Amino acid sequence: MLELYQFEFSPYCEKVRLILDYKGLDYQKIEVTPGVGQVEIYRISGQKQLPVLKDGSTVVADSTEIALYLDRKYPERPILPSDPVIRSQCLIWEEWADAIISKKSRLPILDYIKSDAGLRSALLPSQTPDVLKNLINSLPGEVFEFLGSGIGINRELISKANKNLRDTLENLNTILRSKPYLVGDSLTLADLTVAALSIAIKSPPSEYLDIPSQLKNRGIPGIADDPAYQDFFRWRDQIYTNYRKPSTGYNRTDNRDINLSSIEIE
Ligand SMILES: N[C@@H](CCC(=O)N[C@@H](CS)C(=O)NCC(=O)O)C(=O)O
């Protein structure tokens, strides 16, 4: 069975899960512990970021490389159009979404996490000792504000970032209000990428992600709930309803529990 080394709450890992579900491929999720677990990831894939897919003896890192690999190896339900022009448009959209959506969401998300103690501790790895979780939980938001100001993050920067993200969502909203797919006349990698990368701006319906309850049905306040972008989020959630398999948690293990030394790199 395919194995996906992942962080559950990662938009790039979600992109791969959405592609796997769209293609109807079975896979096992292996949750990686941030930091210590990534040492093993480096050993098996030559880099430390997730997602990493293992298919037999083949190891593929990077969500774009994984998408291309899956479409080559499992061509049923293609995600890349056969028409060369539409295919190029699709790859340009994918590249744009990978680079821009996460970048534009980063500061607004940090700002929102900073102000919510429950969210802060929910985002810590599950192995974090309770004593540390409780400590982080008990720190007031001002402490994080102060830490942020030390690295040059201030209110003006955050409000610029919010405006920037709003502009992007408005453009996506306008496009997707008038047509069902970003390129061509069927669902492609472009749609799956944009849909998946938006999960941290507003989480998809709760059944699809195996995350702490504090992170479910949440989003950046003032953006996720703004009616101006609801056509976009409705479009995104329809993709989830149509293609994403609800998470049962059954096929998830932790990378501390498996023997990674048996993995070979192609
Ligand atoms: N270009 C990569 C980006 C992957 C990425 O940024 N992964 C993040 C998780 S969302 C990560 O592994 N961060 C941990 C780190 O950089 O050490 C892709 O598309 O897969």
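All values derive from a computational prediction rather than experimental measurement. FYI, side chains are in, hydrogens and waters are out, and symmetry mates aren't considered; it's all heavy atoms of this structure.
- Electrostatic pairing of D111 and R155 counts as a salt bridge here, judged by a charged N lying under 4.0 Å from a carboxylate O.
- No hydrogens or angles considered: nothing links the side chains of E40 and Q38 as a donor-acceptor pair under 3.5 Å.
- Using a 4.5 Å heavy-atom cutoff, the side chains of W235 and L172 are not in contact.
- Between T188 and the choices V183, L182, L91, the side-chain contact (heavy atoms from CB on, under 4.5 Å) rule is met once, by V183.
- Applying the salt bridge (charged side-chain N to carboxylate O under 4.0 Å, His left out) rule to pairs touching residues 176-193 yields R177-D231, sequence neighbours excluded.
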### Message
Between T193 and D98, does the side-chain hydrogen bond (donor to acceptor under 3.5 Å, both in side chains) criterion hold? Intermediate values first, please.
### Response
CA-CA 7 Å; T193 305; D98 273 356; 5.2 Å; no
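- When side chains are defined from C-beta on, F232 does not count as touching T174, because their heavy atoms never get closer than 4.5 Å.
- Across all their heavy atoms, I220 and D225 have their closest contact at O-OD1, 4.3 Å.
- The shortest non-hydrogen separation linking I66 to L53 is CD1-N, 3.8 Å.
- Contact between I109 and A200 at its shortest, heavy atoms only, is CD1-CB, 3.4 Å.
- Remark: side-chain polar atoms of S45 are not paired, donor with acceptor, to backbone N or O of Y42 under 3.5 angstrom.
- Taking 4.5 Å as the limit, some side-chain heavy atom of L4 sits within range of a side-chain heavy atom of V16.
- Between C13 and P51, the shortest heavy-atom distance links the atoms SG-N, 3.7 Å.
- Two residues are said to be in side-chain contact when any heavy atoms from C-beta on lie closer than 4.5 Å; L192 and L187 meet this criterion.
- Within the structure, side-chain hydrogen bond (donor to acceptor under 3.5 Å, both in side chains) pairs that include any residue of residues 156-171 comprise K104-N164, K104-T168, K163-D167, R166-D226, R166-Y229 (at least two apart or interchain).
- The ring-ring contact (aromatic ring centres under 6.0 Å, His included) test applied to Y240 returns Y208, not counting sequence neighbours.
- For K48, there are no salt bridge (charged side-chain N to carboxylate O under 4.0 Å, His left out) partners two or more places apart in sequence or in a different chain.
- Two residues are said to be in side-chain contact when any heavy atoms from C-beta on lie closer than 4.5 Å; I101 and I201 meet this criterion.
- Annotation: side chain to side chain donor-acceptor pair (under 3.5 Å) contacts of E95 (sequence neighbours excluded): none.
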### Query
Does the side-chain contact (heavy atoms from CB on, under 4.5 Å) test come out yes or no for K202 and Q230, once each step is laid out?
CA-CA 11 Å; K202 179 179 181 175; Q230 291 320 303; 3.2 Å; yes
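- By the 4.5 Å heavy-atom criterion applied to side chains, L18 and R244 are counted as neighbours.
- Without hydrogens or angle criteria, R17 side chain to L209 main chain gives no donor-acceptor distance under 3.5 Å.
- Inter-residue side-chain proximity for D26 and L20 is flagged as unmet; no heavy-atom pair is nearer than 4.5 Å.
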Show me, pair by pair, the donor-acceptor contacts under 3.5 angstrom made by side chains of residues 75-88, not counting sequence neighbours?
from	atom 1	to	atom 2	distance (Å)
R77	NH1	Y22	O	3.0
D83	OD1	V85	N	3.0
D83	OD1	I86	N	2.9
S88	OG	P84	O	3.0

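- The ring-ring contact (aromatic ring centres under 6.0 Å, His included) search around Y12 returns none, not counting sequence neighbours.
- Rounded to the nearest 0.5 Å, atoms CG (N242) and CD (Q238) are 4.5 Å apart.
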### Message
Assess the residue pair D62 and Y69 against the criterion (side-chain contact (heavy atoms from CB on, under 4.5 Å)); give the C-alpha distance rounded to whole Å, side-chain angles, the decisive distance to 0.1 Å, and a yes or no.
### Response
CA-CA 10 Å; D62 186 274; Y69 169 81; over 6 Å; no
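- Residues passing the side chain to side chain donor-acceptor pair (under 3.5 Å) test with Q49: none are found, sequence neighbours excluded.
- When the side chain to side chain donor-acceptor pair (under 3.5 Å) test is applied to S198, the partners found at least two apart in sequence or on another chain are R236.
- Inspection of the K54 and Q28 side chains reveals no N or O donor paired with an N or O acceptor under 3.5 Å.
- Take E94 and apply the salt bridge (charged side-chain N to carboxylate O under 4.0 Å, His left out) test, not counting sequence neighbours, and it matches K15.
- Side chain of E14 to backbone of A196: no donor-acceptor contact under 3.5 angstrom is found.
- Counting only distance, with no hydrogens or angles, the side chain of D55 and the backbone of T58 share no donor-acceptor pair below 3.5 Å.
- Not a single side chain to side chain donor-acceptor pair (under 3.5 Å) links Y243 to another residue, sequence neighbours left out.
- Closest approach of L197 to P11, counting heavy atoms only: CD2-CB, 3.4 Å.
- Shortest non-hydrogen contact noted between S105 and L165 is CA-CD2, 4.2 Å.
- Side chains of Q89 and I92 form no contact here, defined as non-hydrogen atoms less than 4.5 Å apart.
- To the nearest 0.5 Å, atom CG of residue D210 and atom CD of residue Q6 are 8.5 Å apart.
- N217 and S203 share no donor-acceptor pair across their side chains, judged by distance under 3.5 Å alone.
- With rounding to the nearest 0.5 Å, the separation of CD1 in I211 from OG in S206 is 8.5 Å.
- Rounded to the nearest 0.5 Å, atoms OH (Y27) and CD1 (I19) are 11.0 Å apart.
- Considering only residues two or more places apart in sequence or on other chains, K23 meets the salt bridge (charged side-chain N to carboxylate O under 4.0 Å, His left out) condition with D71.
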